[in-house]
Amino acid sequence: MKTAVIGGSDSQGIAKRVARKLNAKYSELQLSNFPDGELRVRIADDVTGKHVVLINGLMPNPNKNLVESVFAIHTAKQLGAAKVTLVAPYLAYMRQDKMFHPGECVSARVMARMLDCADQVIAIDPHLHRIKRLQDIFRTKAKSISADNAIAQYISRNFPDAIIIGPDIESSQWAKTIADKIGQESMILLKKRYSATKVRVVVHGDPARFRNRHVVIVDDIISTGHTMFEPIMQLKKFGAKKIVCIGIHGVFVQNALRKLKKMGAQVITTNTIPNPAAKIDVSGIIAGAL
Ligand code: R5P
């Protein structure tokens, strides 16, 4: 079956790379708005009998891109696609995985219902915390793939002597896994989040351990940056020579990227969300999963 790769509005760069790797035809999802603001979605390519791979990350425009994806998936099927796979390099709404306050929508589950119209959903390192597997919320086939090999290679090439730090227990699935892959030292910190912007992270152990060291802090998402701010301040105090923050997904709200750089940290992410710090390409990982 032939594959047709279609790039959604915030994923065109990565979608083109995937198409090249798959030797598949690439086209852009055509999008415009009617005068009343309603979205107009059009697939210009002939997709009859093909495996349509729609690559559409749900960030930096989660709501628009979610609707765009649902419309595009239905349209591809209506046009006769044999199979439709949605690749969401960043799958939004995964952090809303329980009713944190009475009456609140458990958005992760609703998002999954909306995207169940695809025959398959693939996401890169979705935020799996209380929900353990994508398959627990999707009814359609769903799989998560990880950028950790690409990040491990990047660290081993550029910061081979660094100690790798995970800012909280959840980040251990990336920080420790990556450190173990390349045989580098690792450490997981303890984080307590009081609100979206109030976070306390404790760097424990002997502070001398960090003197003149290169430190790489690895997390899945850098959003407001608060999870990174505290360890950076403490590590600087402890004499760390260079601090690098690596996020799989660079969400960067509230000027987080600028603030992190101002603190003297080097910031690097993958290209799941287009942003100026996106230096690690994950298109090969996506192509390999298709
Ligand atoms: C939380 O559980 C995630 O793994 C990240 O640590 C978090 O989303 C980062 O958010 P922020 O940059 O706003 O602290």
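Only a predicted model underlies this, so the values are computations on that prediction, with no experimental measurement involved. Start at 1 and go down the list; that is how both ligands and their atoms are numbered.
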### Message
With a 3.5 Å distance limit and no angle check, can you tell me whether E68 reaches the backbone of G8 through a side-chain donor-acceptor pair?
### Response
no

### Message
Would you say that V244 contacts H214 through its side chain, given a criterion of any heavy-atom pair below 4.5 Å between the two side chains?
### Response
no

### Message
Just to be sure I'm reading this right: ignoring hydrogens, which of L260, D220, I221 gets closest to atom 3 (C) of ligand 1? Compare them by their nearest heavy atoms.
### Response
D220

### Task
Provide, to 0.1 Å, the distance between atom 14 (O) of ligand 1 and the closest protein heavy atom, together with that atom's residue and name.
T227 OG1, 2.5 Å

### Task
State whether the side chain of S186 and the backbone N or O of A175 hold a donor-acceptor pair below 3.5 Å, judged by distance alone.
no

### Query
In ligand 1, which numbered atoms sit nearer than 4.0 Å to a non-hydrogen atom of G225?
11 (P), 12 (O), 13 (O)

### Message
Could you check whether any heavy atom of M228 sits closer than 4.0 Å to an atom of ligand 1, since that is the contact criterion I want to use?
### Response
no

### Message
Can you report which non-hydrogen protein atom sits closest to atom 5 (C) of ligand 1, along with the distance?
### Response
D219 OD2, 3.3 Å

### Subset of ligand 1 atoms that lie under 4.0 Å from at least one heavy atom of K191
1 (C), 6 (O)

### Query
Are the side chains of V199 and E230 in touch, meaning some heavy atoms are under 4.5 Å apart?
no

### Message
Classify the ring geometry of F159 against Y154: parallel below 30°, tilted from 30° to 60°, perpendicular beyond 60°.
### Response
tilted

#### Entry: Top protein contact for atom 13 (O) of ligand 1, by heavy-atom distance
T224 OG1, 2.5 Å

### Task
Compute the minimum heavy-atom distance from I222 to ligand 1 and say whether it is under 4.0 Å.
yes

### Task
For residues H129 and M94, determine if any side-chain heavy atom of one lies less than 4.5 Å from a side-chain heavy atom of the other.
no

### Query
Among all protein non-hydrogen atoms, which one is nearest to atom 8 (O) of ligand 1, and what is the separation to 0.1 Å?
R95 NH1, 2.7 Å

### Selection from H127, E230, R193 by shortest heavy-atom distance to atom 7 (C) of ligand 1
R193

### Query
Does H129 reach ligand 1, in the sense of a heavy atom lying below 4.0 Å from it?
no

### Message
Between ligand 1 and S171, can you find any atom pair, the residue atom being a heavy atom, that is separated by under 4.0 Å?
### Response
no

### Task
Report the nearest protein non-hydrogen atom to atom 2 (O) of ligand 1: residue, atom name, distance rounded to 0.1 Å.
E170 OE1, 2.8 Å

### Query
Hey, are D119 and K83 close enough for a salt bridge, meaning a charged N less than 4.0 Å from a carboxylate O?
no

#### Entry: Atom indices of ligand 1, in the order listed, that fall short of 4.0 Å to a heavy atom of D168
6 (O)

### Query
Do D281 and K21 sit within salt-bridge range, that is, some charged N less than 4.0 Å from a carboxylate O?
yes

## Note on the structure
Which of L86, L115, L66 passes side-chain contact (heavy atoms from CB on, under 4.5 Å) with L91? Answer is L115

